[in-house]
Student: 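One structure coming up, written as structure tokens, with questions to follow.
Quantities reported herein were computed from a predicted structural model and do not represent experimental measurements. Convention: sequence-line order gives letters A, B, ...; per-chain numbering from 1.
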Amino acid sequence: MAPGVQTVRVGEFFDAGRDSLQISHVAGCQAEALERSIPEPLAHRPGLALTGFFEHFASKRIQVIGLAEYAYLQSLTPELRRERLDALFAHDVPCVVFTRGMEVFDEVRTLANEKKVAVFVTQLETRYFIHSSAFVLENLSSPRMDIHATMVEVSGLGVLLEGDPGIGKSETALGLLKRGHALVADDYTILRRNGENRLIASAKPLSQGFMEIRGIGFIHVQRVFGVCALRDEKQVDMVITFTRATLETNEKLERIGGKNEQKRVFLDIAIPQLVIPVAPGRDLVNIVETAVCFLKLKQNGYVASEELDARWAEMLKRVEGKEK
Amino acid sequence: MDDSICESRDLVLKNKYGMHVRPAGLFAKVASRYDADVQVEKGNVRVSGKSIMAMMTLEALCGATLHVTAKGPQAKQVLDELESLVNRKFDIPDEQ
């Protein structure tokens, strides 16, 4: 498996989809059923399998019984229905979902409890369930990693603040909040690569919305700064790494800010990185805000140092003209 | 400081376009790496060798002479490296 790729368990799928997919757990309620993994995190309609044809049956996916499958099962004699459902459950499917809030067949309940396979009922129509479950499953299965960093949103761009403990990540975030920007996660951030190859940052549910400021303790961000000061998740557009300023680090510092930029790679995604030396008297909040403007301009094709180059070229031309 | 050394050298710019943004950046980087104060003088103007912006305003073109003064424990080292950098035409391929 590629680094950070996640195995999705049925229990996780249920927890994540309980509200958004309107699912309830009706049979196969054992812990083992929820511990099953979903090897292919997709939804599948087993119409053909129910007719008894199991070649190339996508048994590793969530099996969705929609209106057509339901009507077909209803049309069978009880013996035949039992036989077909037996065969379906014999394939070790991760779980089964009935859509449109349909009544689950007694045979299914019995089989589910016997085989320890979870059966869910969703209130959604089949097409909406398949559509929405894809998002939930993608979210659960996308590669992820945890990092000691603070994530903020500054003027619409997602900025990950990195640096040694105590260097001022949280204090910088605090200053940014005061100036109307928003916090995603303080000090500990979850990074996830989504289906569009974007890096998405979020907080651990347990610590979300809180910050620790040395000398004060914990603060609740929404109570202090208001509801708009918090974001659930945000795409990472740039990484700002704070370092202590020394003669050695001076060498590596960007002084010009040309077109080529330093990159920091997370989960195989390269993100533009700025390394900012921290020294007494440097206003980090202001520097972060300016860095965001700098990146926006660059994304729009404007690089300040190129304009300086152009001025130099003009000066050269003037001087050469005079010499002639 | 007792161990403080003060030394000066005249460096002649040989790269094609003189002390524009990129060479000034490389110059400033080297100057910032050592424990020494670096001053660059051209004509009657004297600026810090750690400031890109200030060095640009010297408008030093190819052939110009820069009087570079370093003061501090590592004055000699910084001058050696700056001299070598200028003589290598800042290692910029299209200005050799």
Student: If you measure from NZ on B:K29 to CZ on A:R255, what distance do you get to the nearest 0.5 Å?
Tutor: 8.5 Å
Student: Hey, is NZ on B:K71 packed in by over 12 heavy atoms from elsewhere, all under 6.0 Å?
Tutor: no
Student: What are the two closest heavy atoms between B:R22 and A:I256, and how far apart are they?
Tutor: CA-CD1, 3.9 Å
Student: Could you check whether atom NZ of A:K178 has more than 12 heavy atoms from other residues, nucleotides or ligands sitting under 6.0 Å from it?
Tutor: no
Student: What residue in B:G18, B:G25, B:C62, B:S32 has the most heavy-atom pairs under 4.5 Å with chain A?
Tutor: B:S32
Student: Which distance, rounded to the nearest 0.5 Å, do you find between the NE2 of B:H20 and the CG of A:D309?
Tutor: 7.0 Å
Student: Is it the backbone or the side chain of B:A28 that comes under 4.5 Å from a heavy atom of chain A, or both, or neither?
Tutor: both
Student: Quick check against the 3.5 Å criterion: does A:W312 have a side-chain atom that pairs as donor or acceptor with the backbone of B:Y17?
Tutor: yes
Student: Heavy-atom count around A:F294 CZ within 6.0 Å, excluding the residue itself: above 12?
Tutor: yes
Student: As an exercise, state the distance from CG of A:L316 to CG of B:L61, rounded to the nearest 0.5 Å.
Tutor: 5.5 Å
Student: Please say whether more than 12 non-hydrogen atoms of neighbouring residues, nucleotides or ligands are located less than 6.0 Å from CG in A:D146.
Tutor: yes
Student: Can you establish whether the number of heavy atoms outside B:R9 located under 6.0 Å from its atom CZ is more than 12?
Tutor: yes
Student: Got a sec: does the CZ of B:R88 have more than 12 other heavy atoms crowding it under 6.0 Å?
Tutor: yes
Student: Examine whether an atom of B:K16 lies under 4.5 Å from a heavy atom of chain A, and if so say whether it belongs to the side chain, the backbone or both; otherwise answer neither.
Tutor: neither
